[in-house]
Visitor: 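This is the structure I want to talk about, given as structure tokens.
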Amino acid sequence: GENVEQHPSTLSVQEGDSAVIKCTYSDSASNYFPWYKQELGKRPQLIIDIRSNVGEKKDQRIAVTLNKTAKHFSLHITETQPEDSAVYFCAASILGGETSGSRLTFGEGTQLTVNP
Amino acid sequence: IAGITQAPTSQILAAGRRMTLRCTQDMRHNAMYWYRQDLGLGLRLIHYSNTAGTTGKGEVPDGYSVSRANTDDFPLTLASAVPSQTSVYFCASSLHPTQANYNSPLHFGNGTRLTVT
């Protein structure tokens, strides 16, 4: 099955700096790569996703890049703010059919701390 | 407000006891999932259901069972709880690929914090 590895496990940056979180996946058939943000004690929430037919996607201060050849994808947060502090999870899945469906495999998570 | 409701919010359970975690969604999503979240291990899939009447095993299914009698409800049962099942449990739902013809994001419930003593 799919295996997703995420690095680093913890990341501390100064407010205003950029943060980058990287993930690798094992199954070359994976074609959907979402990122979730989880604040302390809350549910994970989708912040951005990318499909395999796109190399990069941006939404304000957040961007995701995908390298299918190398099987890795990254989350970039620019001009970080204290409210960006949270755990971030990457995930990968394969668009399946009637029986297999579409199931996400998550990375282990990155604790991002933005220091004021 | 459309979304996923999980109950209970938290529970302390004696080892050996039976427990059912409830999950209900009102978004008419065909696909539903149960994940457990443990520190340093991320979110691991326990069981899933692509549509009412069908279920499948995820990455860590042992000790858990599920049922999907209708579209809205997806309960998770621990037949005989053990301390290693202490975790935060998240229910999630999404459009099934046959509903949307593309990978659909997961919508998570607020989670159930379970402690098995």
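Everything numeric in this text was worked out from a predicted model, so none of it was measured. Numbered from 1 within each chain, the chains take letters A, B, ... in sequence-line order. Only this structure's heavy atoms are used, side chains among them; waters, hydrogens and symmetry mates stay out.
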Visitor: Of all heavy-atom pairs between G42(B) and F89(A), which one has the smallest distance, and what is that distance?
Guide: CA-CE2, 3.6 Å
Visitor: What part of F90(B) lies closer than 4.5 angstrom to a heavy atom of chain A: side chain, backbone, both or neither?
Guide: side chain
Visitor: Answer with side chain, backbone, both or neither: which region of P44(A) has an atom nearer than 4.5 Å to a non-hydrogen atom of chain B?
Guide: both
Visitor: Could you tell me the separation between the CD atom of Q45(A) and the CG atom of L106(B), rounded to the nearest 0.5 Å?
Guide: 12.5 Å
Visitor: Would a single hydrophobic cluster contain both I48(A) and V87(A), if residues Ile, Leu, Val, Met, Phe, Trp and Tyr are joined by side-chain heavy-atom contacts under 4.5 Å?
Guide: no
Visitor: May I ask you to check whether over 12 heavy atoms, not counting those of E79(A), lie within 6.0 Å of atom CD?
Guide: no
Visitor: For L43(B), is it the side chain, the backbone, both or neither that has a heavy atom under 4.5 Å from a heavy atom of chain A?
Guide: both
Visitor: Taking atom CZ of R61(A) as the centre, report whether more than 12 heavy atoms of other residues, nucleotides or ligands fall under 6.0 Å from it.
Guide: yes
Visitor: Taking atom CZ as the centre, does R44(B) end up with more than 12 heavy-atom neighbours from other residues, nucleotides or ligands that are less than 6.0 angstrom away?
Guide: yes
Visitor: Which pair of heavy atoms, one from Y35(B) and one from L104(A), lies closest together, and at what distance?
Guide: OH-O, 3.0 Å
Visitor: Are the side chains of Q37(B) and F106(A) in contact, using a 4.5 Å heavy-atom criterion?
Guide: no
Visitor: To the nearest 0.5 Å, what is the distance between CZ (R43(A)) and CD1 (I4(B))?
Guide: 7.5 Å
Visitor: Would I46(B) end up clustered with M19(B) when hydrophobic side chains under 4.5 Å apart are linked, directly or stepwise?
Guide: yes
Visitor: Check whether L76(B) and Y48(B) end up in the same hydrophobic cluster, where Ile, Leu, Val, Met, Phe, Trp and Tyr are linked by side-chain heavy atoms less than 4.5 Å apart.
Guide: no
Visitor: For Q60(A), I'd like to know if atom CD has over 12 heavy atoms of other residues, nucleotides or ligands within 6.0 Å.
Guide: no
Visitor: Side chain, backbone, both or neither: which part of Q38(A) has an atom under 4.5 Å from a heavy atom of chain B?
Guide: side chain
